[in-house]
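Okay, so here's the structure we're looking at.
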Amino acid sequence: MLRVNRSRLLARLDDLARIGALEGGGVQRLAFTEQDLAGRRFVEHHLQRMDLTPRIDAIGNLWALRPGDHPDAAPVLLGSHTDSVGRAGRFDGSLGVLAALEVLEVLHENAHSTHRPVGLVSFVNEEGVRFMPDMMGSLYLRGDLDTDWVRAVRGTDGTTIGENLDKLGMAGSEDLRSSSVHAFLELHIEQGPVLEEVGLPVAVVTGVQGLRWLEITLKGTANHAGTTPMDRRQDAGLVAARVVVAMRECTQSIPGLRATVGRLVPSPNLINVIPGTVELTLDLRHPEQDTLDHAVERMRGTVAGLAEAEGVGYDIHETASAPAVQFDDLVVQAARDGAAALGLPVHELISGAGHDAQILARHCPSGMLFVRSRGGVSHNPAEYSSPEDVEAGANALLQAALRLAG
Ligand code: HGY
Ligand code: MN
Ligand code: MN
């Protein structure tokens, strides 16, 4: 039975973690930066070593196919993303792309033929922390976003994606949006506590919960902290604080809802000035789409009520919406069979984090495999999966891919 080369995969994870390595640990490869491009170039280099042709589309997605016996058969794609959040670990996204590369390497060095082409895809801007929405590369690849719209997106630093693509020379000329795909399978770290709790290394993911992001601007009146009477303030900071509390209370009345205010930026952010404006973000998630939509409507109303009570203006706009999905049984079963072939007991769960597979799922049969995360920690330099678990996950990916590719 074909097996991945564990030391090669671990060495590649080390190599990629050096690209964008931060002082004091962790990695930063924000989308559409030099580090992001260097990460993609690292993968391209290893594809070229196997005589596989990296194809880059207009916003920087990477795609490469290893031919199968039937070249006109729709390919099986494996992959994930190599962009990261601001101070990231070394596994989020990277594991899925490098495990996909490892699968291609094993097929290549064993001259193993498959019925269908097997390919690697590395999606640009999965994290969406600098340019929203997240999962942008897979949304684009599926035809949901057009090129000009993406190029015009302005990031948290004020620049547009187009400016960054052009400055870095990061865009390609391929158009992959009409390419048909037989199945997409993504290996990813769990980023949560479940596998550690059940004591298993690998999970078969049966779906992904829905996600909706709101960006809120509260508009009060900046004023003097000492001279402004308490009953004459339009304090955007007070409203922001009440919104955070209201979010938490909303989760207590809607079981399964996860709500996060990850970004909260007062302005002018000075000790003796009442905040004139506050920018904050709501990240709402739930496995059932209609419950998620209800929670979003409820939070919109709550923000409006809290702002009006303080005479504070507000703008609310949605920056991301990834629907809850159930993965296709074709891919879920291949993942189960792949793990079973290895004698690997697996747990089945729904993903709490958003993933490119969630977007691809409306384009082609898609699915995921998870690898255990120590302490359930992610989006943090302390993110860690053991060499044994990484190997088990990559072998399950290999075996599942062989079943899907025939
Ligand atoms: O936000 C997410 O769930 C993913 O990490 N982009
Ligand atoms: Mn990820
Ligand atoms: Mn992530």
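All ligand and atom numbering here is 1-based and tracks the order in the structure.
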With a sphere of 6.0 Å drawn around CD of Q28, does it hold more than 12 non-hydrogen atoms of other residues, nucleotides or ligands?
yes
Under the ring pair (Phe, Tyr, Trp, His ring centres under 6.0 Å) rule, collect the residues that match up with H115, sequence neighbours excluded.
H70
One thing to verify: whether R151 and D166 come together as a salt bridge, which I'm taking to mean a side-chain N less than 4.0 angstrom from a carboxylate O.
yes
F370 ring center within less than 6.0 Å of H355 ring center
yes
With sequence neighbours excluded, residues passing salt bridge (charged side-chain N to carboxylate O under 4.0 Å, His left out) with R233
none
With the Mn ion (ligand 2) as the centre, enumerate protein N/O/S atoms below 2.8 Å in chain and residue order.
H81 NE2, D92 OD1, H188 NE2
Between R403 and D337, is the closest basic N to carboxylate O distance under 4.0 Å?
no
Is there a donor in the side chain of N125 and an acceptor in the side chain of H81, or the other way round, less than 3.5 Å apart?
no
Can a donor-acceptor pair be found between the side chains of T33 and R130 at a distance below 3.5 Å?
no
Under a strict 4.0 Å criterion on non-hydrogen atoms, which protein residues are in contact with ligand 1?
E126, E127, D134, W213, R285, A353, G354, H379
Got a salt bridge between R3 and E391, using NZ or NE/NH1/NH2 to carboxylate O under 4.0 Å?
no
